[in-house]
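We count residues from 1, following the sequence as given.
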Amino acid sequence: MKYEYAVLVIALVWALFFSFVLQFPPGFSEVGDDGSYLLAAKNLYLKGQLDESRPIVIAAIHGFPLLFGFSDPVVIAWCNVISISCWFLTSVLLFKLIAQKFPRRIAFIAAVTFISCIGNLTNAFNVLAEAIFIFLVVLAVFFIGKQVQTKHYKYTTLAVSILLLAILVKPLAFGLVGIVALCHFKNYKAIIGNSFVVFILFSLSLIGIQLHSMKKQYGDYTVSYVDVVTYYNYLGGKADCLKKGIDFVPGENDRAKKFSQFSSHEQKKIASSDLNDQLLNNTSNFMQAYAFCLYSNSSKGSYSVSECKNEASTFYFDFFYFSFKAISKVQNILFTITGVLLSFYYLFYRKKVGTFYKIIALFISYIFFISGMSCLQCDRFHILFFPLVIVLGISLFVENRQLVWKQKPI
């Protein structure tokens, strides 16, 4: 267990150091999406209603202290504890995942690499869903790896149930479930034919509750309307501005302001009609806007770091501020480029690819391309696949090194 303890100690020391030098304690951001997550939690526990954007599981996790009558500051502190705990657990889980196949010292390097990812750490300091979602995805991948190691499909069953649950944290997990289902289609009897299928049924029942409640409350069988608003205000909005030759300011253009006046049910219809119209009649600008969205999400660093202020007037703040801002930007660029290249390598170039690596490569590709629905999000979208890039990168490096050793003359 010495490596696991070392991972936790390094993570703790790094988090404390980072928070201290940048004067960036865990808390609540007034300019980010933190408010929408807090509102969703309060709607669930205080009004018994679901939020149109934030599903039931993430709202239930964030708002748990409200069940005992605690106020907003306690809820915010609770959310910070949950997110940071998930960041810690993801570090250890990544170590365990890679240690299933490779030496523990290699797994340790991988875990420390993840710990050093500034975007993942800063995100965990806010009231958001990414840290929780990343933990669930890595946990699912861990169980998929466990199935490969043991040949027991009960672990794939657990992985599917976790990804189904992750849909109610961030709805983009729908695609991840589809990828696993596609890759394991031939083994579906083994996956649903064991006692662990009860976990899948539990997750599906929660999704059913979400769908029924959203239909009753807003008018559509949907998990969330966040995709509707995201598309219309970002990708669709950018394409429309290119067509009209005007500046694009997310949420501030007349198009976005008019859109906000409609109900969620009406917004869904408007966005669907707009997507069809843009694909047919504004194709060039739409593709240009999509390329812009991918570029903007791939080339920026941590927004949280850029918002840090030297309120204590320390002499070292500027050095660490500019250093960490630059490092987070470089990390996003490198992890994105490496992730896309690795996923393409495993999917199209490598002749024999196991299901485990195929699933990870598809996860990375899916998250990368779906991120084009939005723009100007800094590294927030792509940190979702950072730990998966580490898994593929370490695997390719170790396997190629072993191949070189075998080819060396005696």
Atom CG of Asp247: over 12 foreign heavy atoms under 6.0 Å: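 No, because the 6.0 Å sphere around CG of Asp247 holds 12 heavy atoms or fewer from other groups.
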Hey, what do you get for [atom1] ([X]) to [atom2] ([Y]), rounding to the nearest 0.5 Å?
{"X": "Lys325", "Y": "Leu22", "atom1": "NZ", "atom2": "CG", "result": "11.5 Å"}
{"X": "Ile56", "Y": "Asp51", "atom1": "CD1", "atom2": "CG", "result": "11.5 Å"}
{"X": "Leu121", "Y": "Ser116", "atom1": "CG", "atom2": "OG", "result": "10.0 Å"}
{"X": "Ser284", "Y": "Gln288", "atom1": "OG", "atom2": "CD", "result": "6.0 Å"}
{"X": "Leu384", "Y": "Phe368", "atom1": "CG", "atom2": "CZ", "result": "13.5 Å"}
{"X": "Ile367", "Y": "Thr336", "atom1": "CD1", "atom2": "OG1", "result": "11.0 Å"}

Check: [X] side chain, [Y] main-chain N or O, donor-acceptor pair, under 3.5 Å:
{"X": "Ser224", "Y": "Ser53", "result": "yes"}
{"X": "Gln217", "Y": "Leu50", "result": "yes"}
{"X": "Thr338", "Y": "Phe335", "result": "no"}
{"X": "Thr222", "Y": "Tyr225", "result": "no"}
{"X": "Asn43", "Y": "Gln49", "result": "no"}
{"X": "Ser83", "Y": "Asn80", "result": "no"}
{"X": "Gln23", "Y": "Glu311", "result": "yes"}
{"X": "Ser395", "Y": "Val391", "result": "yes"}
{"X": "Thr113", "Y": "Ile109", "result": "yes"}

Trace of the side-chain contact (heavy atoms from CB on, under 4.5 Å) decision for Val137 with Phe133: CA-CA 6 Å; Val137 171; Phe133 182 79; 3.6 Å; yes
Pair Ser343-Ser365, side chain to side chain donor-acceptor pair (under 3.5 Å): steps then yes or no: CA-CA 6 Å; Ser343 61; Ser365 298; 3.1 Å; yes
Going by atom types alone, do [X] and [Y] pair a side-chain donor with an acceptor below 3.5 Å?
{"X": "Asn310", "Y": "Tyr321", "result": "no"}
{"X": "His382", "Y": "Ser371", "result": "yes"}
{"X": "Thr122", "Y": "Ser302", "result": "yes"}
{"X": "Thr156", "Y": "Asn187", "result": "no"}
{"X": "Asn194", "Y": "Thr157", "result": "yes"}

Could you tell me if the side chain of [Y] sits less than 4.5 Å from the side chain of [X], heavy atoms only?
{"X": "Arg104", "Y": "Phe95", "value": "yes"}
{"X": "Gln210", "Y": "Val57", "value": "no"}
{"X": "Asn233", "Y": "Pro250", "value": "no"}
{"X": "Leu396", "Y": "Arg350", "value": "yes"}
{"X": "Phe88", "Y": "Ser91", "value": "no"}
{"X": "Phe199", "Y": "Leu165", "value": "no"}

Pairs involving residues 372-388, ordered by first then second residue, that meet salt bridge (Lys or Arg N to Asp or Glu O under 4.0 Å) (sequence neighbours left out): Asp33-Arg380, Glu130-Arg380
Residue pairs passing the salt bridge (Lys or Arg N to Asp or Glu O under 4.0 Å) test where at least one lies in residues 358-376, sequence neighbours excluded: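 As it turns out, there is no salt bridge (Lys or Arg N to Asp or Glu O under 4.0 Å) pair with a partner in residues 358-376 once direct neighbours are skipped.
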For Asn282, side-chain contact (heavy atoms from CB on, under 4.5 Å) partners two or more places apart: Ala239, Lys243, Gln278, Asn285
side-chain contact (heavy atoms from CB on, under 4.5 Å) between Phe363 and Leu163, intermediate numbers included: CA-CA 12 Å; Phe363 276 14; Leu163 291 175; 3.9 Å; yes
For the residue pair [X] and [Y], categorise the inter-ring angle as parallel (less than 30°), tilted (30 to 60°) or perpendicular (more than 60°).
{"X": "Phe108", "Y": "Tyr3", "value": "tilted"}
{"X": "Phe17", "Y": "Phe320", "value": "perpendicular"}
{"X": "Phe24", "Y": "Phe125", "value": "tilted"}

side-chain contact (heavy atoms from CB on, under 4.5 Å) between Phe319 and Val21, intermediate numbers included: CA-CA 9 Å; Phe319 171 78; Val21 298; over 6 Å; no
Lys238/Leu242 under side-chain contact (heavy atoms from CB on, under 4.5 Å): CA gap, chis, key distance, verdict: CA-CA 6 Å; Lys238 176 65 176 177; Leu242 287 173; 4.2 Å; yes
Of all heavy-atom pairs between [X] and [Y], which one has the smallest distance, and what is that distance?
{"X": "Ile167", "Y": "Pro55", "answer": "O-CG, 4.1 Å"}
{"X": "Ala107", "Y": "Ala99", "answer": "CB-N, 3.6 Å"}
{"X": "Gln267", "Y": "Phe259", "answer": "NE2-O, 2.8 Å"}
{"X": "Tyr346", "Y": "Ala361", "answer": "CB-CB, 4.1 Å"}
{"X": "Cys117", "Y": "Gln331", "answer": "CA-OE1, 3.6 Å"}
{"X": "Asn297", "Y": "Gln377", "answer": "OD1-N, 3.2 Å"}

Test of ring centre spacing under 6.0 Å for Phe381 and Phe385: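 That pair fails the under 6.0 Å test.
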Ring centers of Phe386, Trp87 separated by less than 6.0 Å: no
Charged tip of Arg255 within 45° of Tyr232 ring normal and under 6.0 Å: yes
